Amino acid sequence: MLLFDDYKKILYEKINKIYKIDENDIEISNSHGDFTLKIFKLRDKPDIIYKNIKDKLNDKFIDKIELDGNYINFFIKPSSMIKTVNDSVNTFGKYPNTFQDTSRVLIEHTSSNPTGPIHVGRIRNSIIGDSVFRIIDRYGYRSCTQYFVNDSGKQVIALYLGHIMYHKDEELTVENLLDGYQKIYNEREKNSGINKEIEALAEKYERGDKELINNIQNTASVVLESIKKSLKKLDIVISTYVWESNFILYGDVYNVLNELSDYLQSEGTAKYIEIGDKKIFLTRDNGTSLYPARDIAYHLFKAENFDWLIDVLGEDHKDHAKDLDYILNNYLDFNARVSYLFYGFVSLESGKMSTRKGRIVTLDDLYDKTVEESIKIIKEKRPEYDGKKIEEISNGIASSSIRYNIVKVNANKPLTFKWSEALNFEGDSAPYIMYSYARSCSILSKSGDYNEISNDYNEHEKKLIKAMYTYPYYLKNSVDYLRPDIIANYLLNLVKRFNEFYLNCTIIGDPEMKKRITLLKLYKKIMEDASNLIGIKLLNSI
RNA sequence: GGGCUCAUGGCCUAGUAUGGAUAAGGCACCGUCCUUCUAAGUCGGUGAUCGUGGGUCCAAAUCCCACUGAGCCCGCCA
C-alpha cells in the first residue's frame, strides 16, 4: 500500500458528501488544472454545483477552483505538492512511502524451455516479468520470482537425444546442443522412428531412471546456465528455479491425478478431463504425464507458500491458462489468487521467429550490437571519456535500451522488432531518460546542498512538481493492472517536464537557486525510484 | 470451421479498463536555439474524418453488432 498525502482522494471524499460522485469522476488533468471533476452526470446546474463545492472546500492545499463548462478544475498549491514529496523523502528516504502488505506474491516469468538461447521474443516475457516483480515489490508486497524449468517434456528430451545423435563425443556446449536440436527436428519430419525413441525415453524418465534423469538435467542445465548469463546482462536475476521433473518424481502429479479421479475420463489408457466439449489430456497412453498435469501440480505447490500468483505467459498460452484456472478453482482445493499476464508475440521484420529453424535474434546478439552502436556514439560525442567510462556507459545504455524499448509497449500488443528502432538513442528512448538524469547530477555536483520549499514557483517549476507529486497514482495503476508500460510512460513524461525546467530556469548562481536545487534533488530521487522499476540504469554522466 | 486478441498521421507508440474539454508523444521531413548548469537536448512547422459500415447516447478512438485485415489457439507438444 502506498502512503502519501493523496489530494485526489481527499477531494473525492469531501465532494462525495455534497454530491454523490464516483471516485473515477475525478481524474488527474494534464491541461486544465491539476485534478478535474466531471459534472455531466449531476443534476444541478454547473454554476450551482460549482458554488456548493467551492464554498465547502477550503483546504490549505487548494490554490483555486474553477468552473469550465461541465468540468470543475482544481488547482493544487505547488508548495503543498512539493512539501509532500520532500517530507516523505526526508523522513522515509522515498516517495511515496509504503505499508508492507502481508500477502506473499510469486511472479513466474521466463520459464522458457531450456532448448536454446534466449531471443528477443522470449525476452519480452523476462522483461515484463522482472518489471512487474519490481513494481509489486515497490508497492509493498512480499514478493519473489520463479522460473519453472521444463526438464521433462519432449522438447528437452529431443535436445538430449539430438546431442547423442549428432555430437555424441563432443563437449556439451550451447552451440552443439542447439545444432543437434535443430537437426533432430528436421529429421523428425522424415523419420517417425525418432518420435518413438523420444517417447520411449520419456517413459523411462517418468519411471525414475536415475542415469537418464541425470543426463537430461545436465543437458538442460547447460542451456539454462547460458540463459541465466544472458538475463544477467539485463539485470534480471530470478529468485528461484523449480524443476518440472520434481513433480513427477516426488509424486505430486500422481496426487493430482488421484484428487481429480472423479472427473477423469479415459480414452484407451490415456486420461483426460472434459471442459465444455474440449478434452484436456493429463496422461498419455503409456501412462506418462502431460504438461497440463504437471502445471496443475506446480500451481498447487506455488499456492502452498504464496497468496497471489502472477504468471507471465505468451498469448499462445491463453486457452491453456483458462483451462488450468478452471480445473484449479472447480475441481481442486485451491485458494490462491492467480493473475495471468499475457503478452503478444515479437516478430522480426522478415517474419516469425523460430528457434528450431534458427531464425532468431538472440539477446546476446542484440546486446552486443547495442553496446557497439553505443560505443560509436559515445566516442563521437564524448571524445574525452576513457575506455573504462565508455564501457560502463555503453553497458548501461544497452541493458536500459533493450528493456525500455520492450517494456514501454503495452503487453497485449504485438511487437515487431526493428534494428533501426532498437539502436535509436534519441527521442522516446532510454538514453533520453538517462541523459536528463546525468544533467541533474552534473548541476548538483557543481552546487551546494539546499533544502528549501518556496510558496512561489513559475510555470516550468509547477509542471515538474506536479509530475513528481503524481508518481504514486501511476505506480498504483501499474500494480492494479499489472502494466509496467505505465511506469515507462510516466517516466518519459517526468523527463520531459524536467527538460523544460532545465532549459528555462537557470540554477547555479540564480537568486532562486536554493529552491531549484531542492527540486533537482527530489527529481533525482523519483527518477531513481521509477527507473529502477523498469530496469533503466541511471549514471551520473553519460 | 470455432474461439481469443489486435487495428490510431508515411512509420512506431499513448489514450480504450472508468464514454466527456482542441486525439498526445516519438521517428522521418522542414525551420529555430550552443561566449549560461551535458545539443543523446530545446522550441516551432508539415502531417490523423482513430480499419470499414451500422447502433446506443446529450456526448464514441473508447460501449454494442456486423464486416475486413493481421496474430495466436483449437496436439496423448509445451
Side-chain angles (χ1 to χ4, degrees), chain A residues 22-25 27 29-32 36 38-41 68-71 73 111-113 115 150 152-156 158 198-199 244 267-272 276-279 281-292 294-295 314-320 322 342 344-345 347 352 374 377-378 380-382 397 405 408-410 412-416 418 420-421 424-436 438-447 477 480-481 483 485-486 488-489 492-493 495-496 499-500 502-510 513 516 520 541-542:
Chain A
D22 191 89
E23 197 161 352
N24 293 322
D25 289 337
E27 47 193 39
S29 167
N30 292 315
S31 48
H32 302 75
T36 284
K38 292 179 274 190
I39 55 172
F40 295 91
K41 293 176 200 156
D68 188 352
N70 280 301
Y71 299 87
N73 297 318
S111 298
S112 55
N113 287 346
T115 51
N150 168 15
S152 51
K154 280 187 180 177
Q155 274 88 340
V156 181
I198 290 172
E199 270 169 40
E244 199 173 308
E267 193 170 294
T269 47
K271 301 265 189 253
Y272 67 90
D277 52 3
K278 211 162 45 171
K279 292 174 181 173
F281 278 88
L282 300 180
T283 64
R284 296 192 183 92
D285 230 352
N286 65 11
T288 55
S289 68
L290 287 156
Y291 169 67
R294 301 192 291 263
D295 207 24
E315 63 180 348
D316 54 334
H317 279 62
K318 276 184 179 172
D319 283 356
H320 163 71
K322 215 163 135 188
F342 299 106
F345 276 30
S347 56
K352 273 193 259 181
S374 160
I377 294 171
I378 297 167
E380 186 187 304
K381 291 182 188 284
R382 313 271 189 270
I397 285 179
N405 282 330
K408 72 179 177 183
V409 180
N410 191 329
N412 71 349
K413 302 256 185 179
L415 198 63
T416 304
K418 290 179 184 147
S420 62
E421 282 170 19
N424 175 31
F425 301 148
E426 283 170 15
D428 183 3
S429 68
Y432 176 85
I433 292 164
M434 298 165 75
Y435 181 66
S436 152
R439 277 173 149 184
S440 71
C441 291
S442 175
I443 296 177
L444 286 172
S445 72
K446 293 170 184 166
S447 69
N477 260 348
D480 288 349
Y481 300 103
R483 282 187 48 190
D485 58 299
I486 288 176
N489 283 301
L492 185 72
N493 180 59
V495 168
K496 280 182 190 302
N499 285 344
E500 208 178 303
Y502 178 90
L503 258 296
N504 289 290
C505 305
T506 308
I507 297 168
I508 294 175
D510 194 275
M513 173 168 74
R516 287 181 179 161
L520 220 55
S541 56
I542 76 163

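In the text below, chain A, chain B and the rest are named by the order of the sequence lines, each starting its count at 1. None of these values were measured; they are calculated from a predicted model.
The separation between Asn30(A) atom CG and A24(B) atom C1' is 9 Å, rounded to whole Å. Atom P of nucleotide U13(B) and atom CG of Asn493(A) are separated by 20 Å, given to the nearest angstrom. Rounding to whole angstrom units, CE of residue Met434(A) and P of U38(B) are separated by 17 Å. To the nearest angstrom, P of U5(B) lies 11 Å from CZ of Phe342(A). Here the C1' atom of nucleotide C74(B) and the NE2 atom of His320(A) are 15 Å apart, to the nearest Å. To the nearest angstrom, P of C76(B) lies 11 Å from CD of Glu199(A). If you take NZ of Lys318(A) and P of G2(B), they are 19 Å apart, rounded to a whole angstrom. Put simply, CD on Glu500(A) is 13 Å from C1' on G25(B), counting in whole angstrom units.
Nearest to the side-chain atoms of Leu290(A) among the listed nucleotides U38(B), A78(B), A40(B) stands A78(B). Between A40(B), C37(B), A78(B), one nucleotide has an atom nearer to the side chain of Asn150(A) than all others, and that is A78(B). Comparing C37(B), A78(B), A21(B) against the side chain of Arg284(A) picks out A78(B) as the nearest. Of the candidates A17(B), C37(B), C72(B), A17(B) carries the atom nearest the Asn477(A) side chain, counting heavy atoms from C-beta on. Of the candidate nucleotides C11(B), A21(B), A40(B), C11(B) has the atom nearest to the side chain of Lys418(A). Nearest nucleotide to the side chain of Lys496(A), out of C6(B), C12(B), G25(B): G25(B). Distance from the side chain of Asn499(A) is smallest to G41(B) among G41(B), C37(B), U5(B). Ranking G26(B), A21(B), U18(B) by closeness to the Asp428(A) side chain, first place goes to G26(B). Comparing U38(B), G25(B), A40(B) against the side chain of Ile378(A) picks out A40(B) as the nearest.
Within a 6.0 Å radius of NZ in Lys322(A), no more than 12 heavy atoms belonging to other residues, nucleotides or ligands are found.
Here the side chains of Tyr432(A) and Leu492(A) are in contact, with some heavy-atom distance below 4.5 Å.
Contact annotation: Asn412(A) side-chain N/O to U5(B) OP1/OP2 distance is not under 4.0 Å. Proximity of Ser442(A) to the phosphate of U38(B): a side-chain N or O atom is located under 4.0 Å from OP1 or OP2. Neither OP1 nor OP2 of C27(B) sits under 4.0 Å from any side-chain N or O of Tyr432(A). Residue Lys413(A) places at least one side-chain N or O closer than 4.0 Å to OP1 or OP2 of A14(B). Between Lys279(A) and C74(B) there is no side-chain polar atom (N or O) within less than 4.0 angstrom of OP1 or OP2. Considering only side-chain N and O atoms, Arg516(A) lies nowhere under 4.0 angstrom from the phosphate OP1 or OP2 of C37(B).
Tyr435(A) comes within 4.0 angstrom of a nucleotide base, judged by non-hydrogen atoms across all strands. Tyr502(A) comes within 4.0 angstrom of a nucleotide base, judged by non-hydrogen atoms across all strands. Within the nucleic acid shown, Lys352(A) comes within 4.0 Å of sugar-phosphate atoms alone, with no base atom in reach, counting heavy atoms only. At the heavy-atom level, Asn410(A) lies under 4.0 Å from the strands shown only through sugar-phosphate atoms. Residue-level contact check: Glu421(A) touches the backbone only, with heavy atoms under 4.0 Å from sugar-phosphate atoms and none from bases. Residue-level contact check: Asn70(A) touches neither bases nor backbone, having no heavy atom under 4.0 Å from any strand. Across all strands shown, Tyr481(A) has heavy atoms under 4.0 Å from base atoms, whether or not it also approaches the sugar-phosphate. The residue Arg483(A) sits close only to the backbone: its heavy atoms come under 4.0 Å of sugar-phosphate atoms, none of a base. In this structure, Ser447(A) reaches neither bases nor backbone, as no heavy-atom distance under 4.0 Å exists between it and the strands shown. Base engagement by Cys505(A) is indicated by at least one non-hydrogen atom pair under 4.0 Å involving a base atom. Across all strands shown, Arg382(A) has heavy atoms under 4.0 Å from base atoms, whether or not it also approaches the sugar-phosphate. Among the atoms of the strands shown, none is found under 4.0 Å from any heavy atom of Ser347(A). Here Glu23(A) lies out of heavy-atom contact (under 4.0 Å) with every strand. No contact: Asn405(A) has no heavy atom under 4.0 Å from any strand.
Between the side chain of Asp25(A) and the main chain of Asp22(A), a donor-acceptor pair closer than 3.5 Å is present. Using a distance-only test at 3.5 Å, with no hydrogens or angles considered, a donor-acceptor pair links the side chain of Ser447(A) to the main chain of Ile443(A).
Atom name P, nucleotides C43(B) and A28(B): the rounded distance is 16 Å, in whole Å. Rounded to a whole angstrom, the distance from the C1' atom of C29(B) to that of G10(B) is 10 Å. Separating the C1' atom of U13(B) from that of C77(B) is a span of 35 Å, rounded to the nearest Å. U56(B) sits 47 Å from G31(B) when the C1' atoms are compared, rounded to a whole Å. Using atom P as the reference point in both U46(B) and C34(B), the two lie 24 Å apart (nearest Å). One C1' atom belongs to U52(B), the other to A60(B), and the distance between them is 16 Å to the nearest Å. Nucleotides G15(B) and C6(B), compared at atom P, are 12 Å apart to the nearest Å. A7(B) and U62(B) have their C1' atoms separated by 14 Å, with the value rounded to a whole Å.
Pairing for A70(B) goes to U5(B), judged as Watson-Crick or G-U wobble with the two contacts each under 3.5 Å. A24(B) is paired with U13(B) under the Watson-Crick or G-U wobble criterion, all donor-acceptor distances under 3.5 Å. Checking C63(B) for Watson-Crick or G-U wobble geometry (two distances, each under 3.5 Å) identifies G55(B) as its partner.
At a cut-off of 3.5 Å, with distance as the only test, no side-chain donor of Tyr291(A) or Asn150(A) sits close to an acceptor on the other residue.
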Run Asn477(A) and Arg483(A) through side-chain contact (heavy atoms from CB on, under 4.5 Å) and show every step you take.
CA-CA 8 Å; Asn477(A) 260 348; Arg483(A) 282 187 48 190; over 6 Å; no

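The glycosidic torsion of C58(B) lies more than 90° away from 0, which places this base in the anti conformation.
The two residues Gly69(A) and Ile39(A) make their nearest non-hydrogen contact at O-CD1, 4.4 Å. Contact record, Arg439(A) with Asn499(A): NH1-OD1, 3.7 Å, taken as the closest heavy-atom pair.
If you find the closest nucleotide of RNA chain B to Ile397(A) and to Val409(A), the one lying nearer the 5' end belongs to Val409(A). Sequence order on RNA chain B of the closest nucleotides to Phe345(A) and Glu27(A) puts Glu27(A) first from the 5' end.
In this structure, His32(A) counts as stacked on the base of A21(B) under the 5.5 Å centre distance and 30° plane angle limits.
We find the OG-NZ distance between Ser347(A) and Lys418(A) to be 9.0 Å, quoted to the nearest 0.5 Å.
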